[in-house]
Each structure stands twice: as structure tokens, then as C-alpha cells.
Number of protein chains: 2
Amino acid sequence: MRNPTLHDVARAAGVSYSTADRVLNQRGGVAEKSVLRVRQAIADLGYCRDISAANLSRGRSYRFVAYVPPGDHGFFSHLRQALLDEARTRAGERVVLDLRDLPPDGAPIPECDGIAMVGAQTEGLGTMTNGLSADGVPVVAVVSDMPGRRLYVGIDNLVAGRTAARLLRIAHRGGPGRILPVVGSLALQDHRDRLTGAAEVLDGHLDLLPPVQVRDQPDRMRRMVGQALADDPAITGIYSIGAGNRGLFAVMAGMARRPFAVVHELTPHSRAALQDGLIDVVIDQKPAEEAARALDALKSIADGEDPVPATITPAIFFKDNLPEDCA
Amino acid sequence: MRNPTLHDVARAAGVSYSTADRVLNQRGGVAEKSVLRVRQAIADLGYCRDISAANLSRGRSYRFVAYVPPGDHGFFSHLRQALLDEARTRAGERVVLDLRDLPPDGAPIPECDGIAMVGAQTEGLGTMTNGLSADGVPVVAVVSDMPGRRLYVGIDNLVAGRTAARLLRIAHRGGPGRILPVVGSLALQDHRDRLTGAAEVLDGHLDLLPPVQVRDQPDRMRRMVGQALADDPAITGIYSIGAGNRGLFAVMAGMARRPFAVVHELTPHSRAALQDGLIDVVIDQKPAEEAARALDALKSIADGEDPVPATITPAIFFKDNLPEDCA
DNA sequence: GCGAAAATGAAAGACGTCAATCATTTTTTG
DNA sequence: CAAAAAATGATTGACGTCTTTCATTTTCGC
């Protein structure tokens with residue numbers, strides 16, 4: 001009925017609790033045949049160490065540090081909130097989260113059991129190998145991947161780009177069209193990935209114009225996209241890959257026949273634009289889910305398990321399937 | 001640094017551990033002013049009971065029962081597998097899941113800490129009030145809602161229908177079209193909801209034909225949809241609301257100019273059909289996520305917390321954003 | 001102010017694991 | 001075979017909470 005304990009395992013293996021413990025926790029100094037017998041007993045009984053009891057005993061808490069780029073609005077502020085919320089609901093499971101701004105290059109590595117950080121353009125933690133920072137702390141990349149991390153939790157941006165392109169193709173019904181891609185910067189891997197994915201699916205079906213770079217700035221977005229639309233009235237679709245979409249919405253609000261528009265990230269602004277019919281699709285990476293999965297992963301790693309690479313499938317929102325809670 | 005313990009709370013409140021415990025666990029027999037002082041101390045220190053320790057002490061395990069309709073293929077078999085997988089990864093957290101077929105009416109209620117069941121057409125557990133079965137066991141509805149449950153974990157079928165309709169509208173680019181809805185049965189609330197949602201969004205834009213009922217049977221689907229398409233060559237879109245889609249794929253495979261097709265649930269068959277271009281969109285309710293959220297909810301309830309109503313946003317799959325793992 | 005009732009305090013043994021110590025047995029080595 | 005080394009067993013006190021028991025103090029009604 002109840003799960004077997006390590007005592008049961010020891011008894012079944014015909015060894016003492018100490019020996020079973022030495023095997024389980026790899027303390028060494030155990031004869032090969034004893035190791036095998038204990039392993040066998042563990043397998044036979046289906047023993048599964050009680051993590052709660054173990055953590056209680058160790059007096060251990062999961063101290064995690066999350067690094068998120070600063071900014072008190074937009075996507076990253078959502079992510080921050082999601083991380084804090086998620087950590088709070090796990091407070092009873094001894095999870096303590098320390099949320100910080102992305103550190104400058106060469107900042108000291110905090111003493112903790114794991115780090116979640118937005119990858120991207122930063123080198124904050126210096127070189128990492130085997131998913132560990134220089135001090136041996138496991139690092140999980142969130143939202144944006146980075147080299148050397150132990151695990152990446154986030155959407156596949158290539159796939160996101162392909163998704164956007166497929167929606168654009170559907171909206172053109174197989175007919176011709178000209179698509180304007182708008183990126184924050186081509187220096188960002190994420191943006192390049194989305195663009196590449198889109199190009200793959202559009203290729204041979206719709207024309208993909210050279211991308212406009214707006215540095216995630218609304219006013220720049222407004223100016224440059226407005227200009228592009230004026231220069232080329234044949235534009236039938238827009239794929240906004242980065243941030244600063246308020247500028248896009250402003251442009252769209254002033255148009256009679258709008259091109260089909262796909263943007264990223266559900267925010268109060270994009271939500272309103274969707275509802276008002278200024279844009280057609282929002283591809284959202286669900287920061288709440290990313291936060292939850294990131295903490296799951298950090299906990300798994302801290303427990304010595306193999307973290308399950310939870311792929312986040314981006315949500316696709318239209319005017320008609322917006323979630324009720326204001327995001 | 002470390003979380004305060006109940007001892008700390010007692011000390012801060014100037015009472016004994018016993019009294020603090022009596023307040024925390026509502027054992028009664030405590031003077032009002034002591035209750036207030038303890039509550040204050042809990043708030044001041046931000047005390048949060050260590051659930052692991054509590055469970056360890058109680059020798060408690062979370063014994064949950066899940067009722068899923070029988071069948072060794074298709075959606076429900078996915079759901080079963082997802083539930084088992086999810087339970088296994090939580091075995092270390094004392095979660096024990098007993099997976100059963102949906103019981104006949106009036107079956108005895110198992111002794112356990114919570115029940116997850118697919119709602120729908122069953123009355124298996126008899127009357128429920130306040131989310132509790134007759135024996136006081138909390139019940140969570142999964143996939144399909146039911147009256148009297150404590151919480152529903154699943155997608156909003158109205159929204160799913162609206163989503164499908166929006167995709168159909170996009171695919172028609174504002175032009176005219178005739179949409180054939182295919183349901184399993186109009187007796188199923190879920191199917192009616194999806195149809196209603198679709199009707200809302202299509203209204204005034206595309207013609208929605210009377211629904212075909214195929215009882216989730218592939219051969220019936222094949223026959224009836226084939227007939228409908230032959231009778232009305234002007235059909236430009238199909239929304240398959242229920243199961244039995246293999247029949248649909250067979251019909252589509254024999255057509256030169258296919259209507260735009262939206263179906264539900266990602267299965268090996270629908271996946272293949274999507275990749276082969278036989279259909280255009282799959283709306284999936286992500287059984288793995290539903291399983292995870294259902295267990296989350298049951299655990300929360302068992303811990304006496306208020307479960308967070310985790311809305312599941314259906315995933316929208318095209319040919320280009322299919323997940324890698326075979327579903 | 002006296003007895004009864006209510007409130008409080010003190011203590012102890014679980015729960016399953018960890019981590020350490022020390023004694024004892026077995027195996028290896030020369 | 002004796003000594004050294006390796007392996008094993010036995011035991012103990014945490015960790016934070018639950019639960020129960022029993023003794024003691026405070027409060028209340030009359």
C-alpha cells in the first residue's frame with residue numbers, strides 16, 4: 001500500500017540501512033555485490049526516495065536566482081510577475097526565488113541552487129560548460145536560448161516564424177502578396193530565427209520584403225512602418241517580430257484597408273489592438289507557463305534528476321479566443 | 001534566511017507551540033486574543049507551513065482516482081498515458097494515482113483524497129454538491145465539464161469553436177463560403193458548445209450548413225461527409241468537431257480541390273493528415289497539460305488551498321509548427 | 001473565593017531521510 | 001597467520017510538523 005522506505009529496501013537486499021544509504025547516496029566504500037543487491041532491491045520494490053523527507057532532513061531549500069532584463073512594462077515585466085507568482089505558490093515546497101536584473105558582464109555568480117536567465121545578448125555569467133556556470137551552478141535559459149545552458153525553456157523561434165508565415169499564407173488563400181517583416185534588430189538571434197522560419201514557409205508563395213529594423217521602439221516603428229507602407233502600397237501582410245508594437249497599432253489605426261498583421265506577445269496593447277481589429281493574430285509565448293516550467297526544471301536539476309525538456313507551444317490568439325484575465 | 005517555523009511563530013506570538021498549533025490547525029479551545037496574536041505573528045513573519053514536513057508527519061499520501069472513458073486508442077488513451085506519466089513524475093511527492101474506466105451509474109465512491117474525471121455524459125458519481133461527491137471527496141472535471149464539480153480543467157469549447165471559425169474566416173479572406181460542420185453527436189454538450197462558438201463568429205460572413213452527425217465513427221464520417229460534399233460542391237470549409245477523423249482524411253485524400261479543413265485533437269492520424277496537406281488546422285487541447293493541471297488542482301484542494309482555475313489554451317497546429325515528439 | 005470549565009504549556013513519539021560516528025566483521029595483503 | 005584495509009552494521013540526532021497525553025494556569029459563574 002504505502003511506498004517502500006529505504007529500510008524496506010535494506011531488508012529486502014539483506015543489508016543494513018547504512019549500506020543501502022551508502023549505495024543510494026553514492027557515498028562509496030561498498031562492495032560491488034552489495035551495490036548490485038541494493039540496486040536490485042530498489043528495482044524490485046519500485047523504491048522511490050521520498051523527496052520531501054530528504055529535503056526536510058537536509059534542511060534544504062531550493063534557492064534559485066532569476067535574471068530578467070529590466071523594464072517595468074511589456075513582456076519582461078509579465079515574465080517577472082509570473083516568476084514571482086510561481087515562486088510564491090511554491091513557497092510551501094521550500095522554493096525561494098531571488099529575482100534580479102540581468103547582471104553586467106563578469107558579475108559574481110550568486111550562491112544558489114540554480115539560475116534561470118533570459119539568454120539573448122548577454123554574456124553576464126561568462127563561460128558556461130555542461131550547463132553549469134563557472135561556480136558549478138546549473139543554468140537554465142528562459143525565453144531566449146544561450147550557449148552552454150543546461151536546458152532551454154521557451155518557444156522555438158524558428159517554429160514561431162513558420163507559424164506566422166503559415167497564417168499569412170492562409171490569409172492570402174494561396175494568392176499573391178507582399179509581406180513586410182519588422183524586427184527589433186537582426187543582431188538578435190531570436191529575431192533572426194523567426195525571420196528565417198517565416199522565410200522558409202513563405203518561399204515560393206508570398207514575397208518577403210527586406211526587414212525593417214525598429215529597435216523595439218514604438219516611435220521608430222511608427223515612422224518606419226508608415227514609410228514602408230507608403231512606399232509600397234502593394235504590401236498585404238505585416239509580420240512584427242519584436243517589440244514596440246504600439247507604433248504599429250498607431251499606423252494601422254489610420255488605414256482604411258489594412259494588411260493582415262501578425263505580431264508577437266500578448267500585452268494590454270496588443271490585446272486591445274486585436275479586439276479593435278487593428279491586427280489579426282498575436283503569437284504569445286505564455287510567460288506564466290515559461291516561468292512554471294523554468295522552476296520545474298530548476299527543481300528537477302537540483303534534485304539530481306534529468307529535467308524534461310518541456311517545449312512551450314506558443315499560443316495563437318485571435319480576436320475571438322482571448323483569455324479572460326487581462327494579460 | 002530560512003523560512004520561519006511554527007516554533008518561531010509561537011515565540012513571536014508569546015504563546016506555546018501547542019497553542020500556535022491549535023490555531024494553525026483549527027483544533028479549537030483557544031482564547032480569541034491568542035488566536036489573534038498567533039494570526040498576527042503568522043502574518044508578520046510571513047510564516048508558511050512546510051507542506052513537505054506536514055505530509056511526512058501525517059504519513060499522508062495523495063491518493064487520487066482518475067476516471068477516463070475506456071478505449072485503447074485516440075484521445076482518451078493519450079489522456080490516460082498523460083495522467084500516468086504525470087503521476088509517475090510526482091511519485092516522489094507522495095502522489096498515487098489510480099486510473100480507472102468511467103464507472104457505471106451508482107458505482108461506489110472510492111476512498112481517496114480526490115477524483116479527476118472526464119465529465120460529459122456520465123452520471124457515474126451521482127449527485128454532487130459544492131464540488132464534493134456524496135462521500136465528501138472533491139471532484140475535478142477534466143476535458144469535459146460537468147455540473148457540481150469543484151473545478152473544471154480543460155479548454156473552453158465555445159472559445160475553441162470561435163477559434164476554428166476565425167481560422168475559416170481568415171482562410172476565406174472575407175469572401176463568401178459554405179462551411180460544413182461535422183459533430184459526433186448534438187447530444188454532447190462539448191460538441192454543441194463548439195458549434196455554437198463557431199456559429200457566433202461565422203454569422204454574417206460565411207454560411208454554416210446544418211451539422212452532420214457521425215457518432216465519432218470513421219466509416220460513418222467517410223460516408224456522410226463524402227455524400228455532403230457530393231451534394232454540395234460549393235462547400236469551401238469543413239469543421240470537424242468530434243472524433244472519427246480517419247474517415248474525413250480518406251475523403252480528402254481523394255479530392256483535387258479540397259475545402260479548408262479544421263479538426264480537433266492531435267493524433268498520429270491527424271498529424272499525418274496535416275503533414276500530407278489533407279487538412280489545414282488541428283486544434284489540440286493538450287492532454288499532457290490537462291493531466292498536469294488536474295493533478296495540480298487535486299493537490300491544491302487536498303492541501304486545503306484554493307485551486308487556481310488554470311485555463312487551458314488550446315494549441316493550434318499547422319503543417320509547420322508540429323511538435324517533434326510523436327503525439 | 002471556591003469549584004468547574006476553559007485555556008495553555010510541556011513533552012514525547014512518530015514520519016523517512018540524511019549524515020556522522022564508532023564498533024565489528026570480512027577480505028586482502030605480505 | 002597476523003596485520004592492515006575494506007566493508008558493514010548499529011546507533012543517534014537532526015529536519016518541521018502532527019498528534020496525543022497530562023499537568024498546570026487562568027478565567028468564569030455563583
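So that the names make sense, note that chain A is the first sequence line, chain B the second, and so on, each numbered from 1.
- The salt bridge (Lys or Arg N to Asp or Glu O under 4.0 Å) contacts involving residues 45-61 of chain A comprise D50(A)-R94(B), where partners must be two or more places apart or lie in separate chains.
- Here dG16(D) presents its P atom at 15 Å from CZ of R60(A), a figure rounded to the nearest Å.
- As a whole-Å value, the separation of E93(B) CD from dG16(C) P is 17 Å.
- With sequence neighbours left out, R22(B) forms a side-chain hydrogen bond (donor to acceptor under 3.5 Å, both in side chains) with no residue at all.
- Atom CG in D303(B) sits roughly 11 Å away from atom P in dC18(D) (whole-Å rounding).
- Residues forming a side-chain hydrogen bond (donor to acceptor under 3.5 Å, both in side chains) with N55(A) (at least two apart in sequence, or on another chain): Y62(A).
- Across residues 49-58 of chain A, R49(A), D50(A), A53(A), A54(A), S57(A), R58(A) each have a non-hydrogen atom less than 4.0 Å from an atom of DNA chain C (numbered order).
- Residues of residues 17-35 of chain A that place a heavy atom closer than 4.0 Å to DNA chain D, in numerical order, are S18(A), T19(A), R22(A), G29(A), V30(A), A31(A), S34(A).
- A distance of 5.5 Å separates OH in Y67(A) from CD1 in I115(A), rounded to the nearest 0.5 Å.
- Residue pairs meeting the salt bridge (Lys or Arg N to Asp or Glu O under 4.0 Å) criterion with at least one member in residues 24-37 of chain B, sequence neighbours excluded, are D21(B)-R27(B).
- In this structure, the side-chain hydrogen bond (donor to acceptor under 3.5 Å, both in side chains) partners of S16(A), at least two apart in sequence or on a different chain, are T19(A).
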Under 3.5 Å, side-chain donor or acceptor atoms of residues 293-301 of chain A against the rest of the protein: list the pairs with distances, not counting sequence neighbours.
residue: R293(A); atom: NH1; partner: D296(A); partner atom: OD2; Å: 2.4
residue: D296(A); atom: OD1; partner: R90(A); partner atom: NH1; Å: 2.8
residue: D296(A); atom: OD1; partner: R90(A); partner atom: NH2; Å: 2.9
residue: S300(A); atom: OG; partner: D296(A); partner atom: O; Å: 3.1

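- To the nearest angstrom, C1' of dG9(C) lies 14 Å from CG of L6(B).
- D85(A) is linked by a salt bridge (Lys or Arg N to Asp or Glu O under 4.0 Å) to R88(A), counting only residues two or more places apart in sequence or in another chain.
- Protein atom CG of L45(B) is 14 Å distant from nucleotide atom P of dG16(D), rounded to whole Å.
- Neither OP1 nor OP2 of dG16(C) sits under 4.0 Å from any side-chain N or O of Y47(A).
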